Amino acid sequence: MAGESNGAAGFGSSIRRREDPELITGRAKYTDDLKLAGMVYCTILRSDYAHAGINSIDTSEAEALDGVLGVYTAKDIEASGVPGGVPVGWLLPGLKTPEHFMLAKDTTRYVGDGVAIVVAEDQYTAHDALELIYVDYDPRDGIADPKKATADGAPLVHDDAPNNIAFDWEIGDKESTDAAFANAAHVASLDIVNNRLIPNAMEPRAALADYNDITGELVLYMTTQNPHIHRLLMSLASLGLPEHKIRVIAPEVGGGFGSKIHHYADEAIAAWASMQVGRPVKWTATRTETYITDAHGRDHVTHGEMAIDADGRFIGLRVDTYAAMGAYLSTFAPAVPTYLYGTLMSGEYDLPAIYCHVYGVFTHTVPVDAYRGAGRPEATFIVERLVDEAARVTGIDPVEIRRRNFVAPDNFPYQTQVALAYDSGNYEGALDKALEAIGYDDFRTEQAAAREQGKYLGLGLSTYIEACGLAPSAVVGSLGAQAGQWESAVVRVHATGKVTVYSGCSGHGQGHETTFAQIVASALGVPYDDIDVVEGDTGSMPHGWGTYGSRSAATGGSAIASAAEKVVDKARTIAAHLLEAAEEDIEFEDGNFFVKGSPDQSQSLPDVALQAYLAHNLPKGIEPALEATSFYDPANFVYPFGTHIAIVEVCSQTGNVTLQRYLAVDDVGNVINPMIVDGQVHGGIAQGIGQSLYETAVYDDGANLLSGTMLDYAVPKAHFMPSFETDRTVTPCPHNPLGVKGVGEAGSIASPAAVVNAVVDALSPFGVTHIDMPVTSEKVWNAMK
Amino acid sequence: MFPSKFDYHRPSSVQEAVQILSDNPDAKVLAGGHSLIPVMKLRLATPSALIDIGRIDALKGISRANGSLRIGACVTYNEIANSGVVQDAAPLLAEAAGQIGDRQVRYRGTIGGNLSHADPASDLPAAALALGATLHVSGPNGSRSVSASEFFVDLMMTSLQADEILTEVEISAASAGTGSAYVKFEHPASGYALCGAAAVVTRGAGGSCTGASLCFNGVSATAVSANGVAASLVGSDLSDGAVESAVSNLSIPDAAGDMFASAGYRQELAKAIGAQALRTARDRA
Amino acid sequence: MGISIELEVNGASVSEEVEPRLLLAHLLREELGLTGTKIGCDTSQCGSCTILLDGQAVKSCTVLAVQADGSEITTIEGLANGEYHPMQQAFWDNHGLQCGFCTPGMIISCVDLLSTNPQPSEDEIRHGLEGNLCRCTGYHNIVRAVQTAAETMNG
């Protein structure tokens, strides 16, 4: 039933996804769908206390339960001699890096911290046994608010991090920024909380570990966005097994949004348990467990100010942020509120002075790390909220003040005051397109008329830029990354001309098998159906860094394009030899090599491939076979941008906010598959709408998670959303071979500011200047009072 | 998630079910299971046994006779919402049932399970109160009847005895000139009512109000009646102004707040939603 | 204590001895190997486990296997009949899925929706899907898929 004709399946075509037939029939296998002979189940007992000493743990009753194979604590992991660590992978100057062990040793530091492990014959028994483990806790005070946690006397998460400060980071020029404020005609100022979010990929995390004590090999199937990173950290920090003896496989993965980037204790625990019991061990998080183990996102307390001159020009931006790290430093956590945040503070604006200061703060909460957008939604939110506030204090229309301050199209490359150099852009182009589509002037008329009748409509703009496509390795290395950020690809043309492509990316819903094949179909002129794409298995492909940070097209796609080019180069050499012509006279078109001017005498790529494999008649110095590997290290980040507009209606009786329209004009460079790009935009917008109107992880003053189930934490439903209106401008990326940028995060970066700006606009008759997210009906109602 | 172990009984009659319940004090009655199974999966409930009454035919009927609508305890929300008999005799109940949970839940959840569970944020309790429903229950000593207003005692607590089973809900069929409405302001995560208003109004020949009832879900520990407010409408012309004036005095005792909505906000929602329900009920009368 | 149950799953007769506490979702996934039905939450919110039980969409994580005794069940694996069900086809044609995890339950719910309301409005579709969560698509293309399937099935 699957399969596509080649006709229009190349780069730029909205071909249907080849992934889908297995998914719509229930055939696709996710980690929890896998079963191995002899497989047993692992569960993890978690702390109910935000902060507690562990006096003792009595596992005897659990061990005695029929069907239980073993019950383990941190002491057992220590005794086994494995390193047992869960390390941070991004270092900042002065960063405090307290020990993070696979299970809590003598102190639990958040509700959800692992305390003990059960391995049992079936999952019901494994859960029963958790109730028979008795932990004698010594409860202590906990703290969840990142700003309050820095106060003297606040409960300490780690004794060696005074005032709970993990790092103290700044970017920009404080002096020149202060000077700008001293000279400002107007100052816009906001105090905001960027709400804490729980990722909620629909597939809960899971791992199936199969350790073979004869060969010393571990095969680990797991829910991952980056199997090679997990292999590396499993080897170096957690298990101590040699890297080449670990094979990490990502089966079908049901969404990630960042939450499956990180190296957690749990998957390592499943692997360690398999090493103990000598049988395959599966661990699958319950949803309730994902709420207290998947790294959360955002959680900032921020003060921001914009200095504006008498002409409405932005002359300075000052931002001060307390960013929660949670109880431990998760894999990329320190990068998120620093290099993925402070560097975006220039937005789309020509801002001559910027200063951003960030405290990273330990709190007694689930660790915080990258979640769709990672730092850039937070930056966009404070910048775009301040721009609207600047419009209010100066009396300039929000559209006009943006136009007045945009980086002009002829001003690229544009060096910001916060490290990034924007390579290209046409911000007014996207803005104009969006304004026309939404009918801006008509809306203002309608809004005024509606207000006369006590109906409150609002329009919010978000003219955003983001930096993604992570990233030049030397640059991220200089900023503290303990990882490279290049990407790998192998393009293997088989003897029959069929093609297998291996990518170091690891998709989990993005449709790489389709889009990467489209790239290769265009590059090699091979029928789309003759190309397979393989990802997500450290046993099959060269090292790669995975899928996150909207990097797969820009880095992985570019690696594939580059490998395909190498294949064509080699095939051209062979074709020239076969056609008895000079290589420089050989043309390559639609998969055929021919001598310039004589297309009727040609060698197709499959012809050349067969000769390459037979190797009976190859040019001198040319090795047999036809494949190429590329390790592509990008020259720069890529910089998608655009304009998003939300229109809301606020009910004056209840405070309820209804999204009437949501329009996005994005510029993500060249587009490989428009249908898939639109889908990514839709999903990103929905998550941003979730953040702005519905979602929030609520901790009480004692750091207990109150929004601990899907009954309390509102993952948006279909009827919360309008149909989205999407359009594009295309400004190709100048520095990668495909001219592509990234699209995975754009929607979630742009949309929170658009929605909140719209609500504030609707409530302007009430003198409302800001409402924190999520903008619940009660907050609106209170603001209207 | 995984429920704890329990014994399973599948009686074929109410008498048998009551007998098993009497013999197993820690047992719970299972109807559709859509209130009970979720809390068992979270191990917030660990009954020693479940008594599955889902196959007792006597509990599955909808009938109307002598001006009285009778609905068996195991009738599902979906059946209530789509029953022509219920839509005609107690449209308020059909409207409320159609707003519970989602379509999957409505196929399984039952009126008996819902009312016995007595979740104040669910949609049926206020409707049952507003309609003055009579609840028939069976126990080892036979059957008795309880009015809805006496049934809901406290948060998730009813006047059902441990060995009693709710078997049937009886409602007087709506008379001519009566209109009703259920309006819900839902919690965005759970879909339960942050505030749900059930209103019934009756207009006399001249159009003035001859009877009114207004009850709320989601605001306090049980579904509550604001019939004092509703009564103040009697004799009025039920104009928007009259409705506004009546609800302006609304104050629900013991309104409760949580992390999503404070008690004070719920009071305000009750006024807005209550007025909306009354206006809609009036328009339908 | 095992209890004997008999059901018809995707047209095949099944007899099993089950623990009373076994959830129908676990019976399907673990005992019968029908892993197309997913489990995405513990609180009956997400709808990933939706199946047809005697023709009605239910959340199989909130039904005990013993409650399903004597029933006919259709899971996502049983929906296609030689060719894709129009709803499956419409999800594919309209890019109504990304990661695919919610998709089996979503498709089953959509089939149920059209069985009771063959020509739903967009608003009815969106409300009809309140028992199924999707984190990838923002529901936009799922709505398009249901509209397309409705056209096909009514055509």
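In the text below, chain A, chain B and the rest are named by the order of the sequence lines, each starting its count at 1. If you're wondering where the values come from, they're calculated on a predicted model, not measured in any experiment.
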key: A:V681, part contacting chain C, at a heavy-atom distance under 4.5 Å   = neither

remark   = Closest non-hydrogen contact found for C:I76 with A:G26 is CG2-CA, 3.7 Å

request  = Run the salt-bridge test on A:E695 and C:R135 with the 4.0 Å N-O cut-off and return the result as yes or no.
outcome  = yes

task = Output yes when A:D33 and C:K38 qualify as a salt bridge under the 4.0 Å nitrogen-oxygen rule, no when they do not.
result = yes

inquiry  = Any side-chain to backbone donor/acceptor pair from C:H140 onto A:F724? Under 3.5 Å, distance only.
reply    = yes

key: Atom pair CG (C:L79) and CD1 (A:I24), whose distance is rounded to the nearest 0.5 Å   = 9.5 Å

task = Measure A:I685 against the heavy atoms of chain C and call it side chain, backbone, both or neither at under 4.5 Å.
result = neither

task = Indicate yes or no: at least one non-hydrogen side-chain atom of C:C46 is less than 4.5 angstrom from one of A:M710.
result = yes

query = Do other residues, nucleotides or ligands put more than 12 heavy atoms under 6.0 Å from C:E31 CD?
reply = yes

ask   = So, C:R126 side chain and A:M721 main chain: donor-acceptor pair closer than 3.5 Å or not?
value = yes

task = Below 4.5 Å from any heavy atom of chain C, which atoms of A:D122 appear? Answer side chain, backbone, both or neither.
result = neither

message = If I compare all heavy atoms of C:L23 with all of A:Y124, which pair ends up nearest, and what's the gap?
response = N-OH, 3.0 Å

request  = Mark yes when over 12 heavy atoms from residues, nucleotides or ligands other than A:Q660 sit less than 6.0 Å from its CD; otherwise mark no.
outcome  = yes

query = Considering only heavy atoms, which portion of A:Q123 lies under 4.5 Å from any heavy atom of chain C: side chain, backbone, both, or neither?
reply = side chain

query = Who among A:G679, A:G255, A:G747 has the most heavy-atom pairs with chain C under 4.5 Å?
reply = A:G679

Heavy-atom pair count under 4.5 Å with chain A, highest-scoring of C:E30, C:Q89, C:R21 = C:R21

inquiry  = I want to check something: taking the side chain as every heavy atom from C-beta on, are A:L23 and C:F91 in contact at a cut-off of under 4.5 Å?
reply    = no

request  = For the residue pair A:P204 and C:F101, establish whether any side-chain heavy-atom pair is separated by less than 4.5 Å.
outcome  = yes

key: Between C:G100, C:G36, C:G78, the one whose heavy-atom pairs under 4.5 Å with chain A are most numerous   = C:G100

query = Side chain, backbone, both or neither: which part of A:I676 has an atom under 4.5 Å from a heavy atom of chain C?
reply = both

ask   = How long is the gap from OG1 on A:T514 to NE2 on C:H95, to the nearest 0.5 Å?
value = 9.0 Å

ask   = In terms of heavy-atom pairs under 4.5 Å with chain C, which of A:K35, A:R27, A:E252 leads?
value = A:K35

inquiry  = Using modelled atom types and a 3.5 Å cut-off, is there a donor and acceptor pairing between side-chain atoms of C:Y139 and backbone atoms of A:A686?
reply    = no

Portion of C:T103 that has a non-hydrogen atom of chain A nearer than 4.5 angstrom = side chain

message = Measuring only between side-chain heavy atoms, which start at C-beta, is C:R29 closer than 4.5 Å to A:D32?
response = yes

key: C:N154 atom CG, neighbour heavy-atom count above 12 within 6.0 Å   = yes

query = Taking all non-hydrogen atoms of both residues, which atom of A:A718 and which atom of C:L129 are closest, and how far apart?
reply = CB-CB, 4.1 Å

query = Looking at side-chain heavy atoms only, is the closest gap between A:K717 and C:L133 below 4.5 Å?
reply = yes

remark   = In terms of heavy-atom contacts, C:C136 and A:F257 come closest through SG-CZ, 3.8 Å

inquiry  = What verdict does the side-chain contact (heavy atoms from CB on, under 4.5 Å) test give for C:Q45 and A:T709, after you've listed the backbone C-alpha separation in whole Å, the side-chain angles of each residue and the deciding distance to 0.1 Å?
reply    = CA-CA 9 Å; C:Q45 248 67 45; A:T709 74; 5.9 Å; no

message = As an exercise: rank C:M106, C:E122, C:H85, C:M87 by heavy-atom pairs under 4.5 Å with chain A and give me the winner.
response = C:E122

A:M202, A:Q680, A:Q510 screened by side-chain contact (heavy atoms from CB on, under 4.5 Å) with C:Q98, the one that passes = A:Q680

key: Positive for side-chain contact (heavy atoms from CB on, under 4.5 Å) with A:R287, one of C:T43, C:D42, C:I39   = C:D42

